[in-house]
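When a ligand or atom number is given, it counts from 1 through the structure's own listing order. What you see below is based on every heavy atom in this structure, not just the backbone, and it leaves out hydrogens, waters and symmetry mates.
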Amino acid sequence: MAFTLPALPYAFDALEPHIDAQTMQIHHGKHHQAYVDNLNKAIAGTPNENKSLEELVENAGSISPAVRNNGGGHWNHTFFWHTLSANAGGSPSGKLADAINKTFGSFDEFKTKFTAAGTGRFGSGWVWLIVKPNGNLDITSTPNQDNPLMDVAETKGVPILGVDVWEHAYYLKYQNKRPDYLAAIWNVINWKKVEERF
Ligand code: MN3
């Protein structure tokens, strides 16, 4: 059972002007597709062939660098597409809003800390809002295609929000200005989905 590239849950231009259509086309059709293809190559004919993506990701560190990079890439991007949507943005409500206020002081403080973690990630990686094993929220960042579910993660937890800070996620529109991309991303965060995950 080979993995396949999931369809984007919206049109390539749905996130304009914050994320441009060409970036979405390349990001989904080329980058995400490559993670799927290389994950399939890495597990073909091995005992890992029939494992779920979650199982592969959780044990990535002990399986292989190829599964860590490409299994992570497939999981992270699938999660990312559903974290975003058109006509989104605003702020979280209900229990998630309460938890964010309690943990970070306010929604604005949360955004400042999340942006700092994403800006501070040297090179390629991701920034996450996670629920830790003790139930508390936390912000963490991972290198490359690692994520907080992995056995190799420094800070473990269940992601409810994740933002790709690889240059391929923003370079065409924002060039080297990662902070501008991270400022714009709040306009397309699907808080209903994040609340659901929480
Ligand atoms: Mn990416």
Could you tell me whether His74 and His32 have their ring centroids closer than 6.0 angstrom? yes
Does the separation of the ring centres of His27 and Trp81 fall below 6.0 angstrom? yes
Regarding His31, does it place an N, O or S atom less than 2.8 Å from the Mn ion (ligand 1)? no
Closer than 2.8 Å to the Mn ion (ligand 1): does that hold for any N, O or S atom in His77? yes
Just checking Asn87: does its CG atom have more than 12 heavy atoms from other residues, nucleotides or ligands closer to it than 6.0 angstrom? no
Residues Lys132 and Asp138 bridged, charged N to O under 4.0 Å: yes
Taking the Mn ion (ligand 1) as the vertex, measure the angle between atom NE2 in His27 and atom OD2 in Asp164; round to 10°. 90°
